[in-house]
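Take a look at the structure below.
Remember, it's a predicted structure, so these values are computed and weren't measured experimentally. Counting begins at 1 with the first residue of the sequence. Basis for what follows: all heavy atoms, side chains included, without hydrogens, waters or symmetry-related copies. When a ligand or atom number is given, it counts from 1 through the structure's own listing order.
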Amino acid sequence: MTDDDIILSELPDDELVQQMHDDLYDGLKEEIEEATQILLDRGWAPYDVLTKALVEGMRIVGEDFRDGILFVPEVLLSANAMKAGMSILRPLLAETGAPKLGKMVIGTVKGDIHDIGKNLVGMMMEGAGFDVVDIGINNPVENYLQAIEDHEPDILGMSALLTTTMPYMKVVIDTLKEKGLRDQHIVLVGGAPLNEEFGMAVGADAYCRDAAVTVETAKDLLKRKHNQLAGAR
Ligand code: B1M
């Protein structure tokens with residue numbers, strides 16, 4: 001059977017998820033949209049569609065990109081397909097009706113245009129009840145400062161996917177310090193090449209391994225901050 005003959009709605013769940021990994025790999029946006037909707041219609045939780053079908057598919061793409069099997073144009077198509085699936089899930093993940101826990105500004109740092117992980121973090125934070133202001137990609141320090149002034153967030157989130165761009169996080173944090181703004185915000189950093197040690201070295205409050213950890217860390221640090229403020233009164 002060729003890919004053209006496959007009727008997605010007739011595949012059982014496990015084969016459909018496998019097919020989504022293949023379709024993501026091949027950058028087939030419409031198929032990813034259709035399959036995302038099928039899984040939702042079958043009662044899958046949006047979070048499970050996101051992690052088991054889309055994120056896992058992108059992990060496979062990432063491995064083959066690393067190994068020189070896939071190249072930038074192909075990975076761009078995969079990224080577009082991934083985003084199409086994510087945009088179906090986004091309103092569903094955000095639809096919790098939970099009271100607002102706080103506000104986060106998030107952006108990818110200067111020189112870096114990767115945004116899938118950042119978008120995912122934003123979606124999960126919204127779903128957990130945070131207001132999220134996404135300032136996009138390739139942000140110089142001025143953009144972060146402007147967003148902080150405009151939106152007065154509790155949390156500043158920065159994403160970097162390249163070893164060459166991750167040091168820029170320190171530039172942003174040092175500038176916040178110089179301007180006396182650092183202590184007013186919880187600073188969280190994330191992205192595939194980072195780790196705990198790096199997060200501490202650049203002066204962030206925490207490194208977040210993934211979107212779920214970001215939500216937990218944000219809640220935890222915000223609670224601690226509120227307790228500290230209450231104790232100081
Ligand atoms: Co790029 N790329 N890429 N790429 N790309 C990587 C990052 C790379 C590791 C691939 C590889 O070679 N193995 C490699 C970096 C190597 C390095 O730095 N040592 C790389 C390279 C080299 C490049 C280019 C330089 C390639 C070139 O031009 N020759 C170029 C750079 C462009 C630039 O930014 N200036 C480039 C371009 C691209 C595309 C445009 C083709 C595309 C991006 C499309 C887009 O984002 N719109 C792309 C992609 C898709 C990838 C890989 C394959 C996948 C990244 C991704 O979306 N992962 C990636 C390989 C990899 O990471 N293994 C790769 C899925 C996503 C859900 O995970 O982003 O890790 P991730 O996010 C996670 C966590 O990290 C965390 O939570 C997220 C969700 O759980 N997290 C945060 C992320 N940000 C956070 C922020 C937070 C908290 C948690 O704030 C609080």
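Here is the list of ligand 1 atoms found below 4.0 Å of a heavy atom in D112: 34 (O). Short contacts between ligand 1 and C208, defined as distances under 4.0 Å to a heavy atom of the residue, involve ligand atoms 88 (C), 89 (C). Proximity to G62 (heavy-atom distance under 4.0 Å) selects the following atoms of ligand 1: 53 (C), 60 (C). Set against the non-hydrogen atoms of L120, the atoms of ligand 1 under 4.0 Å away are 67 (C).
Contacts of A192 with ligand 1, taken as heavy-atom pairs under 4.0 Å, involve both backbone and side chain. Under 4.0 Å from ligand 1, the heavy atoms of V121 that appear belong solely to its side chain. Of the heavy atoms in L162, both backbone and side-chain atoms come closer than 4.0 Å to ligand 1. Of the heavy atoms in H114, both backbone and side-chain atoms come closer than 4.0 Å to ligand 1. Only side-chain heavy atoms of K83 come within less than 4.0 Å of ligand 1; its backbone N, CA, C and O stay farther off.
Contact annotation: V61 has no heavy atom less than 4.0 Å from any atom of ligand 1. At least one heavy atom of R209 sits less than 4.0 Å from an atom of ligand 1. At least one heavy atom of G111 sits less than 4.0 Å from an atom of ligand 1.
Inter-residue side-chain proximity for L24 and I60 is flagged as unmet; no heavy-atom pair is nearer than 4.5 Å. When side chains are defined from C-beta on, V49 does not count as touching P46, because their heavy atoms never get closer than 4.5 Å.
With side-chain heavy atoms closer than 4.5 Å counting as contact, directly or through intermediates, the hydrophobic cluster containing M166 also holds V105, V109, V133, I135, V141, Y144, L145, I148, L156, M158, Y168, M169, V171, V172, I173, L176, L181, V187, V189, L194, F198, V202, Y207.
Considering backbone and side-chain atoms alike, D210 places every N or O at 3.5 Å or more from each N or O of ligand 1. Ligand 1 has a nitrogen or oxygen under 3.5 angstrom from a nitrogen or oxygen of I113.
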I'd like to know whether D205 forms a salt bridge (charged side-chain N to carboxylate O under 4.0 Å, His left out) with R182, so could you lay out the CA-CA distance, the side-chain angles of the two residues, the decisive distance to 0.1 Å, and finally the verdict. CA-CA 10 Å; D205 289 295; R182 172 67 186 88; 2.9 Å; yes
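Across all their heavy atoms, A147 and P153 have their closest contact at O-CD, 4.3 Å.
A salt bridge does not link K52 with D14: none of the charged nitrogens is closer than 4.0 Å to a carboxylate oxygen.
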